[in-house]
Trainee: 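Sharing a structure, written as structure tokens. Questions coming.
No hydrogens, no waters, no symmetry mates; every other heavy atom, side chains included, goes into these values.
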Amino acid sequence: MGIFDTVTDVLEGSTQRAPGNAGDDGSEGSYWCDDCGVRVRDVEVDDEGLDRDEEGTPVCPDCGDAMRFERASGTGCAC
């Protein structure tokens with residue numbers, strides 16, 4: 001019991017995701033504007049009302065340049 005169980009509980013808890021964390025809603029990543037630093041998750045593009053270029057890529061609401069898609073890695077947030 002004691003310290004070993006405490007350490008084990010902490011380690012197990014650090015690898016578990018809480019409900020509502022990124023990834024639970026089908027998100028595969030985010031769109032980024034490298035110049036402006038604007039980030040929009042892929043599942044929020046339509047909700048944000050972003051325009052798209054002729055290829056369907058969202059454009060930055062600040063500068064109008066096409067945004068770069070970056071896939072989320074691992075099981076955590078893509079932030």
Trainee: Hey, what do you get for OG (Ser30) to CZ (Arg71), rounding to the nearest 0.5 Å?
Mentor: 12.0 Å
Trainee: Give every donor-acceptor pair under 3.5 Å between a side-chain atom in residues 44-51 and any protein atom, sequence neighbours left out.
Mentor:
from	atom 1	to	atom 2	distance (Å)
Glu44	OE2	Arg41	NH1	3.4
Asp46	OD1	Arg52	NH2	3.1

Trainee: Between Phe69 and Val40, is there a shared hydrophobic cluster once you connect ILVMFWY residues whose side-chain heavy atoms come closer than 4.5 Å?
Mentor: yes
Trainee: What distance separates Glu70 CD from Asp42 CG, expressed to the nearest 0.5 Å?
Mentor: 12.0 Å
Trainee: For residues 53-65, please give each side-chain donor-acceptor pair under 3.5 Å, one per line with the distance, not counting sequence neighbours.
Mentor:
from	atom 1	to	atom 2	distance (Å)
Asp53	OD1	Glu55	N	3.0
Asp53	OD1	Gly56	N	3.1
Asp53	OD1	Thr57	N	2.9

